[in-house]
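Read the structure below first, then the notes.
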Amino acid sequence: MTAPVFVVEDLPDLPGLRASGGPYVLDGPEGRHAVSVKRLRAGEEVVLTDGAGRHALCEVVGTEGKDRLLLHLTGVSEEPPESPRITVVQALPKGDRGELAVETMTETGVDAIVPWAASRCVTQWRGDRGLKALAKWRATAREAGKQSRRVRFPEVADAATSKQVAALLAKADFAAVLHEDRAYGSEPLATAELPAEGEIVLVVGPEGGVSPEELALFEGAGAKAYRLGRTVLRTSTAGTAATALLLGRTGRWS
């Protein structure tokens, strides 16, 4: 079992920490979880990360109260960004399926998630409701990143319009729209020619599918329509399945 991961906003430099003397203290909600929930004890290992690739392997020295974990940092490292980078544009699902999609894509290894207000989405993010929904997606990515022992969490962007998605596709080294309509002439994603580096962008439509107008807009930006397999997946699972396929094909899972 790999060491549990805890998030700190400002990971200290090791030389500066040594100069200050004494162990590093993990407190607040993360410290409380480590002490009271995980019940970590002296001698066990943990990983601290800022969620952006910088991380430190630590050894537990002891605890203070119910929310302070005393740590000895044994090294500070920087994990470089993965290549090719995989971004999933996720149409807004109904209910809590959006958080499910974010959770499983994060555990699988996606690098960025862009919420998309597609024309056929039943759910629409407006005003305070939209801000709360976006905050849930970002919190889900953070927690799933910790659970899956990642030190570089996926970025969850602001909700995008179809025109903004098209602009993102135009900049990609490989742009794909997952589309299961066999009459449309989509190609299998499993045999698509993929770049060895750069940016891959996948578009996952809503339960009602990507509209003809959106397909035309995305094709104009350089994207092609692809399908995954014989079955039709829900919008909340298609991005995870496609990400897993691409991670295997690009060698990131090797």
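Taking the side-chain hydrogen bond (donor to acceptor under 3.5 Å, both in side chains) definition, one finds that Glu155 meets it with Arg85, sequence neighbours left out. Considering only residues two or more places apart in sequence or on other chains, Arg249 meets the side-chain hydrogen bond (donor to acceptor under 3.5 Å, both in side chains) condition with none of them. With sequence neighbours excluded, the residues forming a side-chain hydrogen bond (donor to acceptor under 3.5 Å, both in side chains) with Arg68 are Glu64, listed by chain and number. Arg138 is linked by a side-chain hydrogen bond (donor to acceptor under 3.5 Å, both in side chains) to Asp158, counting only residues two or more places apart in sequence or in another chain.
A donor-acceptor pair shorter than 3.5 Å can be found between the side chains of Ser119 and Glu214.
The salt bridge (charged side-chain N to carboxylate O under 4.0 Å, His left out) contacts involving residues 88-111 comprise Asp111-Arg252, where partners must be two or more places apart or lie in separate chains. Identified under the salt bridge (charged side-chain N to carboxylate O under 4.0 Å, His left out) test for residues 169-179, with sequence neighbours left out: none.
Follow the hydrophobic side-chain contacts under 4.5 Å out from Leu40 and you reach Val35 in the same cluster.
Atom CZ of residue Arg234 and atom OG1 of residue Thr240 lie 14.0 Å apart, to the nearest 0.5 angstrom. Here the straight-line distance linking atom NZ of Lys38 with atom CG of Leu69 works out to 12.0 Å at 0.5 Å rounding.
The aromatic rings of Trp137 and Trp125 lie perpendicular to each other, with more than 60° between the two planes, well past the 30° mark.
No more than 12 heavy atoms of other residues, nucleotides or ligands lie within 6.0 Å of CD in Glu197, so this atom counts as exposed by the packing criterion.
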